[in-house]
2 protein chains.
Amino acid sequence: MKDVAREAGVGIKTVSRVVNGEGYVGEATAARVRAAVERLAYRRDVSAGSLRRADRRTLSIGLLLGDVSNPFDAQVHRGVEDAAGAAGFAVLSASLDEDPERERELVPTMGSYQVDGLIVMPAGPDPTALQREMDAGMPVVLVDRGVEGLETDSVVVDNQSGARLATEHLISYGHRHIAFMGDRQFLPTARMRLEGYREACWAARAATHIIPDLSNEYLAETATRAMLQASPAPTAIFAAQNLVTIGVVRALRSLGLEHEIAVVGFDDISLGDLVSPAITVIAQDPHLIGKMAAERLLARIGGDTGPVEQIIVPTSFLVRGSGEIPPA
Amino acid sequence: MKDVAREAGVGIKTVSRVVNGEGYVGEATAARVRAAVERLAYRRDVSAGSLRRADRRTLSIGLLLGDVSNPFDAQVHRGVEDAAGAAGFAVLSASLDEDPERERELVPTMGSYQVDGLIVMPAGPDPTALQREMDAGMPVVLVDRGVEGLETDSVVVDNQSGARLATEHLISYGHRHIAFMGDRQFLPTARMRLEGYREACWAARAATHIIPDLSNEYLAETATRAMLQASPAPTAIFAAQNLVTIGVVRALRSLGLEHEIAVVGFDDISLGDLVSPAITVIAQDPHLIGKMAAERLLARIGGDTGPVEQIIVPTSFLVRGSGEIPPA
DNA sequence: ACACTTTATGACAACGATGTCAGACGGTCT
DNA sequence: AGACCGTCTGACATCGTTGTCATAAAGTGT
């Protein structure tokens, strides 16, 4: 900027004014400055600017997801990016892999990059890292799940009633022995979905059969195969997470049981409508979740001091075939 | 930092030395500083530090992808993140949507955030924005495709020979009328895949049937349906991109032709092994592509001034059924 | 002609950190 | 004792930018 000022024969503050469009600069001077900027291929340094500016804004937000390559998380990511990008904010992202250790580590790291706010899909139940950041004045919005003891905005879906709906759907087709296969129980979403399943089973006086802690596709497949050896084997399965659903479908296929045993999944899966039978699911709208979280965060960054909000994004029920198989 | 210095009763430079582990600090002093850091919940400001430091490093890299929510791109993203994270670098990412306009805009934006290097899946054929960045000393690594006229490292797959292999595979099963359905032809990868298809057809003296510029699933589905009305209709399809493959499969399914017409896809698709018939594909390893790109970039950031490298990541051929259907 | 406002401009300090340098202290060698 | 070295420490300038303020010129109202 000093160089540009010299090149244009003006003071550095005048260059600053032109670059930031502050006005109070003569048209002729401004033109000379713009020409110099062009000639020297000058580009403003956002971080140096934020250093001196009163609000310390860096026009960037941090995004901590479970795994950027999980289709659900990737859609959330895109939603955040769309909303943030429209407001001129850049997105710094990282994957936590549901590891509380990484959360403890990466939350302060994001802080040290001076992001203006943080969107987090929390990996653990421990609020201290995030609380510390919030105490330092950092706006935080949680997505997908909350953290007990942390008073801040969140964007979630109603996992419990979605799971209840899915289970009731199976019950309405005559099933009374429905297995629940879900993700790790320290995840609040997994617990809520289990709760919804339990509610529906109780109401129908159906037995419960719970297989938790399936953290990936492979474990889900193995567990499904093992479970179906038992007798009496369940006649239907509620698969409470996207990767679990894939594992279940894969196991049923390998046993040739995909047209005998009913399946309803939570979260849509790519090509779920093309396999045979097509997979009935409770679908979320992850792009919308990300977009709303980013909008909430941007409002907080902009100074919104209203009460803490919990935004619940609706789910939709996609009936496709696998969930409408009656018991044998 | 000034506050920490006052709290600990030392000079700010001493605090800096402790925080950065520079040594030459007495143990007692260091302990007092660490205690003060803890008490005041102090965190170093990375960007302010980089301002004065000679190398201007911000320990962050920029990543410009087609679309962070495309499964292929998301895997690349994760590969980059893994390699960058291990070296202590943060990743600033954005989606270009194959729009050269956005590329012109976001490349300098990344520059103004002072990233130490840039990994780009280029959206357009125009090298100027990237060239300008490189002239300013920014290391750049291209992924998935190159840019003509830009002398820089790149990590790609051999699209041409992959496509040739796929086509030859169909020919070996007796097909002589194979349709090529591909993405927009301004994308180098799309052109290379078409070239590979052409080579194989020529060698076998088979007719070509080319349907380009299918930029999404829906267009691919519609085009497939239209094409199959023609007579004589092709007996096999080479679907040259992941979303195109999905569209093709969807169209065949809706016409009930999925067991009549052979399909080989380029890029693996999720659940491609579960649909019936399972989809034969040329699979890439996007995680590896991202990882290698990041490693190359980190080497350049670290001062590697060796000659420009083009890294070619091998593809693999997954034979699953859809590509082994003989012509009627 | 006078006071007052508006527009245009640059000098300078400051943001939070690090590089440079100089100085103080204690120990070792001649 | 004096020269010399290694360790430990802080004052100060500096990185690129913006906030504050002073100043000057031109315009406006009386």
Side-chain angles (χ1 to χ4, degrees), chain A residues 1-34 36-37 40-60 88 108-116 136-138, chain B residues 1-34 36-37 40-60 88 108-116 136-138:
Chain A
M1 182 170 266
K2 217 168 33 183
D3 301 330
V4 175
R6 197 177 322 113
E7 173 85 10
V10 301
I12 54 172
K13 181 65 222 215
T14 299
V15 176
S16 170
R17 272 190 275 255
V18 172
V19 170
N20 292 15
E22 280 181 37
Y24 289 110
V25 176
E27 189 41 51
T29 317
R32 255 188 8 263
V33 170
R34 274 190 295 267
V37 163
L40 301 181
Y42 164 79
R43 245 189 358 249
R44 175 163 160 276
D45 181 331
V46 181
S47 55
S50 84
L51 194 55
R52 184 61 167 88
R53 233 191 329 269
D55 55 14
R56 299 286 278 118
R57 293 277 184 76
T58 55
L59 292 181
S60 59
T109 298
M110 286 289 167
S112 74
Y113 279 98
Q114 308 297 124
V115 295
D116 297 332
M138 173 87 71
Chain B
M1 184 171 264
K2 219 169 28 182
D3 302 329
V4 175
R6 196 176 323 111
E7 173 86 10
V10 301
I12 54 173
K13 181 66 222 216
T14 300
V15 177
S16 169
R17 272 191 275 256
V18 172
V19 170
N20 292 21
E22 281 182 36
Y24 288 108
V25 176
E27 189 41 51
T29 316
R32 256 192 2 265
V33 170
R34 274 190 295 267
V37 163
L40 301 182
Y42 165 79
R43 246 192 355 253
R44 176 162 158 277
D45 180 332
V46 181
S47 54
S50 84
L51 195 56
R52 183 62 167 87
R53 236 193 327 272
D55 55 13
R56 300 285 277 117
R57 292 279 183 73
T58 56
L59 292 181
S60 58
T109 297
M110 286 289 168
S112 73
Y113 279 98
Q114 308 298 121
V115 295
D116 297 333
M138 173 88 72

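Only heavy atoms go into these numbers, but all of them, side chains included; no hydrogens, no water, no symmetry mates. Throughout, a chain's letter reflects where its sequence line sits, starting with A, and its residues are numbered from 1.
Here OH of Tyr113(B) is found 11.0 Å from OG of Ser60(B). Values are rounded to the nearest 0.5 Å. Note that the CG atom of Leu59(B) and the OG atom of Ser112(A) stand 9.0 Å from one another [nearest 0.5 Å].
Using a 4.0 Å heavy-atom distance criterion, Arg57(A) is classed as making no nucleic acid contact. Counting non-hydrogen atoms under 4.0 angstrom, Thr29(A) reaches the backbone sugars and phosphates but no base. No contact: Val46(B) has no heavy atom under 4.0 Å from any strand. Counting any heavy atom pair closer than 4.0 Å across all strands shown, Ser47(B) reaches no nucleic acid atom.
Under 3.5 Å, the side chain of Lys13(B) and the base of dG19(C) form at least one donor-acceptor pair of N or O atoms.
Spacing between atom CZ of Arg32(B) and atom C1' of dT9(D) amounts to 11 Å, rounded to whole angstrom units. As a whole-Å value, the separation of Asp55(A) CG from dT18(D) P is 11 Å. The nearest whole Å value for the distance from the CE atom in Met1(A) to the P atom in dG10(C) is 13 Å. One interatomic measurement links the two molecules: CD of Glu27(A) to C1' of dT7(C), which rounds to 14 Å at whole-angstrom precision. Rounding to whole angstrom units, CG of residue Asp45(A) and P of dG16(C) are separated by 16 Å. Distance CZ (Arg53(A)) to P (dG16(C)): 14 Å, rounded to an integer number of Å. If you take CG of Asn20(A) and C1' of dG19(D), they are 12 Å apart, rounded to a whole angstrom. In this structure, the CG atom of Leu59(A) is 11 Å from the P atom of dT18(D), given to the nearest Å.
Each of Val10(A) and Lys2(B) has a nearest nucleotide on DNA chain C; the 5'-most of these lies closest to Val10(A). For the pair Gly26(B) and Ile12(B), nearest-nucleotide mapping onto DNA chain D gives the more 5' position to Gly26(B). Remark on DNA chain D: of its neighbouring residues Glu22(A) and Leu51(B), the 5'-side contact belongs to Leu51(B), judged by nearest-heavy-atom nucleotide.
Picking from dT9(C), dT9(D), dT14(D) the nucleotide with the shortest atom distance to the side chain of Arg52(B) gives dT14(D). Taking every side-chain heavy atom of Val25(A) into account, dT9(C) is the closest of dT17(D), dC15(C), dT9(C). Here dG16(D) is the nucleotide among dG16(D), dT9(D), dG10(C) with the atom lying nearest to any side-chain atom of Ala48(A). Proximity note for Arg17(B) (side chain, C-beta onward) versus dT18(C), dT17(D), dT9(D): the nearest is dT9(D).
OP1 and OP2 of dG10(C) both lie 4.0 Å or more from every side-chain N or O belonging to Tyr24(A). Within the structure, every side-chain polar atom (N or O) of Arg56(B) is placed at least 4.0 Å from both OP1 and OP2 of dG16(D). Between Ser16(B) and dA17(C) there is no side-chain N or O to OP1 or OP2 distance below 4.0 Å. Taking only side-chain nitrogens and oxygens, Thr14(B) comes nearer than 4.0 Å to OP1 or OP2 of dG10(D).
In this structure the side chain of Met138(B) reaches within 4.5 angstrom of the side chain of Val115(B), judged on heavy atoms. Between Ser47(A) and Gln114(A) there is no side-chain heavy-atom pair separated by less than 4.5 Å. In this structure, the side chains of Arg56(B) and Asp45(A) come closer than 4.5 Å at one or more pairs of heavy atoms.
Exactly one residue among Asp3(A), Val33(A), Val4(A) makes a side chain to side chain contact (heavy atoms under 4.5 Å, CB included) with Tyr42(A). That residue is Val4(A).
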